[in-house]
J.: 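First, the structure itself, so that you have it in front of you.
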Amino acid sequence: VAYNKNRSVYNEAVLLKCCNNKDLSNVGCGLVAVYNVGILLGKPLDMRSIIFWFEQNNGFVLNGVFGVNPSIIQDFFHKINISAKGFRDVLSLENSRTSFGLYIVCQWNSATDIMDGAHFYAVKDSSGLLIPYNGAGNYDSILSTHHNHFASKLSYNHGGGLIYAYRIE
């Protein structure tokens, strides 16, 4: 499978390297979420440019050991004139929903063990159904499980709690 510049990415293993030659499949889910939001907005972003910006702007935690720094995503979107509002709790995120809204979610991979790490993914709200893009375990939005609420998406398949999320405006 090859990297396709104008289509959503569902499996970050097909992409590039970052953070001193680390595979995106290990540390790049946040970058993939940013890329997918660009596609969903109809404003495709170049993945190499996303990687470069995050590398140059302290966009990784411990040089990518723990992936993308959740707090830097808002700065990236601001730099390209796209508004992103952050949320720390599920209730505020849920109350911010809009029909056809776009979001980036960062959540713990496990409800019981934070050592399992975290995962970022893009979400599109389509008339009340939340459709994840590159959501853990279901890479293809057509095949993925759709949810009515963020809480049900976060808990799906024993997933952990919300770390941080953005509504892209």
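Computed from a predicted structure; not experimentally measured. Just so you know, these numbers use all the heavy atoms, side chains as well, and skip hydrogens, waters and symmetry mates.
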J.: Nearest 0.5 Å, what's the CD1-CD1 distance between Ile80 and Ile50?
T.: 7.5 Å
J.: Is any side-chain heavy atom of Asn148 closer than 4.5 Å to one of Leu130?
T.: no
J.: What are the two closest heavy atoms between Leu162 and Cys106, and how far apart are they?
T.: CD1-O, 3.6 Å
J.: Which pair of non-hydrogen atoms, one from Asp125 and one from Tyr103, has the smallest distance, and what is that distance?
T.: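 For Asp125 and Tyr103, the tightest heavy-atom pair comes out as CB-CE1, 4.0 Å.
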J.: If I compare all heavy atoms of Leu31 with all of Met47, which pair ends up nearest, and what's the gap?
T.: O-CE, 3.9 Å
J.: Checking Tyr164 now: which residues fulfil side-chain contact (heavy atoms from CB on, under 4.5 Å) with it, not counting sequence neighbours?
T.: Pro70, Arg88, Tyr166
J.: Looking at every heavy atom in both Ser96 and Arg167, which two are closest together, and how far apart are they?
T.: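 What the structure gives for the nearest pair is CB-NH1, 2.9 Å.
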J.: Please find the pair of heavy atoms, one from Tyr121 and one from Pro132, that lie closest to each other, and give the distance.
T.: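 Taking every non-hydrogen atom into account, CD1-CB, 4.1 Å.
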J.: I'd like to know whether CG of Asp89 has more than 12 heavy-atom contacts from other residues, nucleotides or ligands below 6.0 angstrom.
T.: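 Counting other residues, nucleotides and ligands, CG of Asp89 exceeds 12 neighbours.
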J.: Asp46 and Ser49: side-chain hydrogen bond (donor to acceptor under 3.5 Å, both in side chains), yes or no, with the steps?
T.: CA-CA 5 Å; Asp46 178 66; Ser49 297; 3.1 Å; yes
J.: Start with the C-alpha gap between Ser92 and Asn95, add the side-chain angles, then the distance that decides, and say whether side-chain hydrogen bond (donor to acceptor under 3.5 Å, both in side chains) holds.
T.: CA-CA 5 Å; Ser92 297; Asn95 288 335; 5.9 Å; no
J.: Does the side chain of Ile72 reach to within under 4.5 Å of the side chain of Trp53, using non-hydrogen atoms?
T.: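 Touching, per the 4.5 Å side-chain cut-off.
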J.: Considering all heavy atoms of both residues, which atom of Phe54 and which atom of Val68 are nearest to each other, and what is their separation?
T.: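 Shortest heavy-atom separation between Phe54 and Val68 comes out as CE2-CG1, 3.7 Å.
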